[in-house]
Amino acid sequence: MTFITENIIPGNYGKKFTTDVNEANEKSRLEAAIMEVNGVTKVIFEAGVYPLEFTVHTDQVVHITELQDKAKALGYHVIAKEPFFPLF
């Protein structure tokens with residue numbers, strides 16, 4: 001594992017995650033829990049994608065396990081996707 005794969009780096013791109021959340025009320029609970037993590041500024045859910053994907057933006061380096069622990073406390077799973085995606 002590297003620093004980039006284990007952390008969310010501040011910037012314009014954020015980090016993408018997948019989750020097993022299905023319902024709208026579960027999504028709002030997960031978003032509220034993630035927003036409690038120190039340094040998280042924005043959580044953006046993508047519509048029409050299964051499994052549900054979301055992007056987290058931060059203003060400081062945040063370790064991925066902090067988000068996973070918050071989700072686990074609610075009974076959900078959060079899995080980080082690749083750090084960078086090809087542009088072609």
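Residue numbers count from 1 along this sequence.
Within the model, atoms OH of Y76 and CG of N22 stand 9.0 Å from one another, a figure rounded to the nearest 0.5 Å. Taking CD1 of I34 as the start and NZ of K70 as the end, the distance is 10.0 Å to the nearest 0.5 Å. Atom OG1 of residue T19 and atom CD1 of residue I79 lie 8.0 Å apart, to the nearest 0.5 angstrom. Atom NZ in K15 sits 8.5 Å away from atom CG in N7 (nearest 0.5 Å). Note that the CD1 atom of I8 and the NZ atom of K16 stand 13.0 Å from one another [nearest 0.5 Å]. Rounded to the nearest 0.5 angstrom, K42 NZ and D59 CG are separated by 11.5 Å.
Under a hydrophobic clustering in which Ile, Leu, Val, Met, Phe, Trp and Tyr are joined whenever their side-chain heavy atoms come within less than 4.5 Å, directly or via other members, L74 and M35 fall into the same cluster.
Considering L30, V21, T18 as possible partners of F54, the one that fulfils the side chain to side chain contact (heavy atoms under 4.5 Å, CB included) test is L30.
Nearest heavy atoms, E31 versus F45: CB-CE1, 3.8 Å. Pairing each heavy atom of V62 with each of L67, the nearest pair is CG1-CD1, 3.9 Å.
In this structure the side chain of E66 never reaches within 4.5 angstrom of the side chain of D69, judged on heavy atoms. Side chains of F17 and V43 form no contact here, defined as non-hydrogen atoms less than 4.5 Å apart. Here the side chains of V37 and V56 are not in contact, with every heavy-atom distance at 4.5 Å or above.
Legend: residues meeting side-chain hydrogen bond (donor to acceptor under 3.5 Å, both in side chains) with E53, ordered by chain and number and at least two apart, are K81.
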Stepwise side-chain contact (heavy atoms from CB on, under 4.5 Å) check, E46 with T55: CA-CA 8 Å; E46 294 189 30; T55 305; 4.2 Å; yes

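Atom CG of N25 sits in a crowded spot, with more than 12 heavy atoms from other residues, nucleotides or ligands closer than 6.0 Å. Annotation: H63, atom NE2; neighbour count of heavy atoms from other residues, nucleotides and ligands within 6.0 Å is above 12.
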